Amino acid sequence: MAINKTPITKLIIAPFDTMATYERDKSLVPENSLCLIGEPDMTIANSVVLYENTSGLDQGNITLAKPFSDFQKLLVVVSGDGGGELSTYVVDVKRLMEIQAMAIAKNKYFTLFINHYYWTLNKSSTTTTLNHVGNNCRIWGIYGWG
């Protein structure tokens with residue numbers, strides 16, 4: 001039986017909690033190392049408040065504090081029309097922007113569909129103003145992440 005005499009190469013894995021930690025300490029990591037950079041959990045506490053309503057908005061336009069296009073994901077807190085329960089849903093911003101562009105091109109409305117809840121928006125909506133057409137829920141908050 002032949003013995004494989006190929007030298008074993010060490011793999012150094014350097015974990016970093018955040019991108020800021022990596023930027024600060026990357027010069028200390030040996031060349032050809034695998035760097036793993038963590039991201040904070042996607043939570044409301046780690047997100048930017050774009051919109052909040054303490055009663056839950058049941059109809060009307062929503063003005064966001066910043067453009068939703070500045071973020072990778074939106075965390076949306078909704079409830080049924082009665083407001084008895086709260087649910088949090090994640091919306092992919094790229095997909096939202098794609099459907100918004102398609103709605104504009106085809107002269108259609110578009111819907112922010114959150115599981116079985118929805119908030120239909122007019123094509124005149126922008127990344128900071130969500131012009132309401134119809135819905136079956138209340139929106140309590142919209143938060144930007146990433």
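Remember, predicted model here, so these are calculated numbers, not experimental data. In what follows, every heavy atom counts, from backbone to side chain, and hydrogens, waters and symmetry copies are set aside.
- Under a 3.5 Å cut-off, the side chain of S125 and the backbone N or O of N131 do form a donor-acceptor pair.
- Linking ILVMFWY side-chain heavy atoms closer than 4.5 Å, directly or via other members, places I104 and F68 in two distinct hydrophobic clusters.
- Residue Y109 qualifies as open at atom OH: its count of foreign heavy atoms under 6.0 Å is 12 or below.
- One finds the CD1 atom of I37 at 9.0 Å from the NZ atom of K26 (value rounded to the nearest 0.5 Å).
- The two atoms that bring V93 and S69 nearest to each other are CG1-CA, 4.0 Å, heavy atoms only.
- Formation of a donor-acceptor pair under 3.5 Å by the T129 side chain with backbone atoms of T126 is not found in this model.
- One distance of note links CG of D92 with NZ of K73; it measures 4.0 Å at 0.5 Å rounding.
- Of the possible donor and acceptor atoms, none in the side chain of Q100 sits under 3.5 Å from a partner among the backbone N and O of F110.
- At least one side-chain heavy atom of N136 sits less than 4.5 Å from a side-chain heavy atom of Y117.
- Of all heavy-atom pairs between L64 and T127, the closest is CD1-O, 3.5 Å.
- The shortest side-chain heavy-atom distance between L57 and W119 falls under the 4.5 Å cut-off.
- The side-chain heavy atoms of L130 and I142, taken from C-beta on, include a pair separated by under 4.5 Å.
- When all heavy atoms are compared, the tightest approach of N53 to G56 is OD1-N, 2.9 Å.
- Counting only heavy atoms from C-beta outward, the side chains of E23 and F16 never approach each other to under 4.5 Å.
- Closest of all the heavy-atom pairs between F71 and L50 is CE1-CD2, 3.6 Å.
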Working for side chain to side chain contact (heavy atoms under 4.5 Å, CB included), residues Y143 and V77
CA-CA 9 Å; Y143 307 86; V77 179; 3.8 Å; yes

Residue pair D81, R138: steps toward the salt bridge (charged side-chain N to carboxylate O under 4.0 Å, His left out) verdict:
CA-CA 6 Å; D81 285 328; R138 291 177 179 264; 5.9 Å; no

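- When all heavy atoms of T111 and Y118 are compared, the pair lying nearest together is CG2-CB, 3.5 Å.
- Side-chain atoms of N135 come within 3.5 Å of backbone atoms of D58 as a donor-acceptor pair (strictly under, hydrogens ignored).
- Across all their heavy atoms, V133 and N122 have their closest contact at CG2-N, 3.4 Å.
- One finds the NZ atom of K108 at 11.5 Å from the CD1 atom of I99 (value rounded to the nearest 0.5 Å).
- In this structure, the side chains of H132 and I62 stay at 4.5 Å or more apart for every pair of heavy atoms.
- For the side chain to side chain donor-acceptor pair (under 3.5 Å) criterion with W140, the lone passing option out of S87, S79, S55 is S79.
- The CD1 atom of I44 lies 14.0 Å from the CH2 atom of W145; values are rounded to the nearest 0.5 Å.
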